[in-house]
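Provided herewith is a single structure, encoded as structure tokens, for subsequent inquiry.
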Amino acid sequence: MVAVDPKAVHSATAVHHQFVVVVDGAETTIHEGVQRCNGGTLTVVSPGVLEVSRLQHVVVRGGGGGDVGFHRCGFAAAEACGAVSFHKCDAVRVEGAAEVAVRRCRSADVERAGTVSILRCKGAARVHGAGELRVGRCREADVGSCSEVTLGRCREARADWCGALGIERCRSADVSRCGAVRVDRCGGANVSSCGSVMVRRGKVNMVDAHQQQGWQEQQPSCQKAEPDYNLPIEIVSK
């Protein structure tokens with residue numbers, strides 16, 4: 001019988017972790033070294049860690065693991081990866097990742113992720129199915145089915161089926177079917193069918209569930225400043 005060190009097995013697996021990469025429609029694989037193609041580079045900086053730079057259209061499939069960083073790419077997508085980061089890319093997409101970080105990209109589309117952070121998107125940030133989410137300084141934020149969400153300094157924000165939701169300094173927001181909602185310094189927010197709503201400063205319009213087409217069952221149990229839900233309310237902290 002030969003004794004096998006579990007750490008050695010894990011190390012061997014990491015060394016031979018293979019990424020599948022599709023560049024401009026052409027598929028290739030990489031697990032070590034550097035590949036240059038179409039004016040960009042694919043670099044394995046350490047076992048299971050890939051850096052992608054200056055490619056116009058690239059999709060990376062991690063096979064359920066591996067970390068990927070994208071820098072100055074056009075369209076960049078990651079599927080079934082560990083930690084994924086994007087910096088100064090155009091349109092980015094993620095499906096299935098443990099951690100996602102997006103910085104200064106044009107737009108972002110994320111599905112089925114763990115921890116997500118999106119900052120300074122010129123266009124829309126769309127996240128459906130995430131754990132902890134933070135979106136800041138984006139033109140538009142559209143989130144759904146997330147556990148804990150913070151939206152800050154966005155022009156337009158929409159949230160549906162989220163747990164704890166915080167909205168700070170957004171121009172407008174539409175919130176439906178969320179748990180605990182906190183609104184701070186927003187220009188205007190429409191809130192419907194939520195567990196509780198706390199307003200520090202801003203205008204909040206509480207909408208009855210039966211007034212919205214397709215929403216059924218129960219009336220929203222929300223804290224309100226006025227008994228008439230049809231009128232916008234403004235609450236200012238002293």
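Every value quoted in this text rests on a predicted model; they were computed, and no experiment measured them.
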Report yes if the side chains of Val84 and Val92 come closer than 4.5 Å at any heavy-atom pair, otherwise no.
no

Residues Val175, Cys194; criterion side chain to side chain contact (heavy atoms under 4.5 Å, CB included); working and verdict:
CA-CA 8 Å; Val175 181; Cys194 295; 3.9 Å; yes

State, to 0.1 Å, how close Gly65 and His17 come at their nearest heavy-atom pair, and which atoms those are.
O-NE2, 3.3 Å

Below 4.5 Å, heavy atoms only, C-beta onward: do Val191 and Val207 meet side chain to side chain?
no

Answer yes when Arg158 and Asp142 have at least one side-chain N-carboxylate O distance shorter than 4.0 Å, and no when they do not.
yes

Taking C-beta and beyond as the side chain, do Thr29 and Val21 meet within less than 4.5 Å on heavy atoms?
no

How many angstroms lie between CG in Leu151 and CG in Leu165, if you round to the nearest 0.5 Å?
5.5 Å

Heavy-atom neighbours of Arg185 CZ exceed 12 at 6.0 Å
yes

May I ask you to test the Asp90-Phe75 pair for a side-chain heavy-atom distance under 4.5 Å?
no

Taking Asp184 as the fixed residue, which of Arg169, Glu168, Met198 is the one that meets the side chain to side chain contact (heavy atoms under 4.5 Å, CB included) rule?
Glu168

Given side chains that start at C-beta, do those of Thr28 and Ile30 come closer than 4.5 Å, heavy atoms only?
no

Which pairs of donor and acceptor atoms, one on a side chain in residues 112-137, lie under 3.5 Å apart (sequence neighbours left out)?
{"unit_1": "Arg112", "atom_1": "NH2", "unit_2": "Glu95", "atom_2": "OE2", "d": "3.2"}
{"unit_1": "Ser117", "atom_1": "OG", "unit_2": "Arg103", "atom_2": "NH1", "d": "3.3"}
{"unit_1": "Ser117", "atom_1": "OG", "unit_2": "Arg103", "atom_2": "NH2", "d": "3.4"}
{"unit_1": "Arg126", "atom_1": "NH1", "unit_2": "Asp109", "atom_2": "OD1", "d": "2.6"}
{"unit_1": "Arg126", "atom_1": "NH1", "unit_2": "Asp109", "atom_2": "OD2", "d": "3.4"}
{"unit_1": "Arg126", "atom_1": "NH1", "unit_2": "Glu111", "atom_2": "OE2", "d": "3.2"}
{"unit_1": "Arg126", "atom_1": "NH2", "unit_2": "Glu111", "atom_2": "OE2", "d": "3.4"}

How many angstroms lie between CZ in Arg171 and CZ in Arg153, if you round to the nearest 0.5 Å?
12.5 Å

Within the structure provided, determine whether Cys138 and Cys154 are in side-chain contact (heavy-atom separation under 4.5 Å).
yes

From Cys81 SG over to Glu99 CD, what is the distance, rounded to the nearest 0.5 angstrom?
12.5 Å

Nearest 0.5 Å, what's the CG-OG distance between Asn190 and Ser176?
10.5 Å

Let me confirm one number: the CD-OG distance from Glu156 to Ser172, rounded to the nearest 0.5 Å.
5.0 Å

Compare all side-chain heavy atoms of Val181 with those of Ser196 and state whether any distance is below 4.5 angstrom.
no

Please report the shortest heavy-atom distance between Cys170 and Ala157, naming the atom on each side.
SG-CB, 4.4 Å

Quick check: do Asn205 and Lys203 have side-chain heavy atoms less than 4.5 Å from each other?
no

Minimum-distance pair of heavy atoms, taken over all atoms of Phe19 and Asp67
CZ-O, 3.8 Å

List the atom pairs, donor and acceptor, that lie under 3.5 Å between side-chain atoms in residues 41-61 and the rest of the protein, sequence neighbours left out.
{"unit_1": "Arg61", "atom_1": "NE", "unit_2": "Glu79", "atom_2": "OE1", "d": "3.1"}

Not counting sequence neighbours, list each pair that qualifies as a ring pair (Phe, Tyr, Trp, His ring centres under 6.0 Å) and has a residue in residues 77-107.
Phe70-Phe86, His71-His87

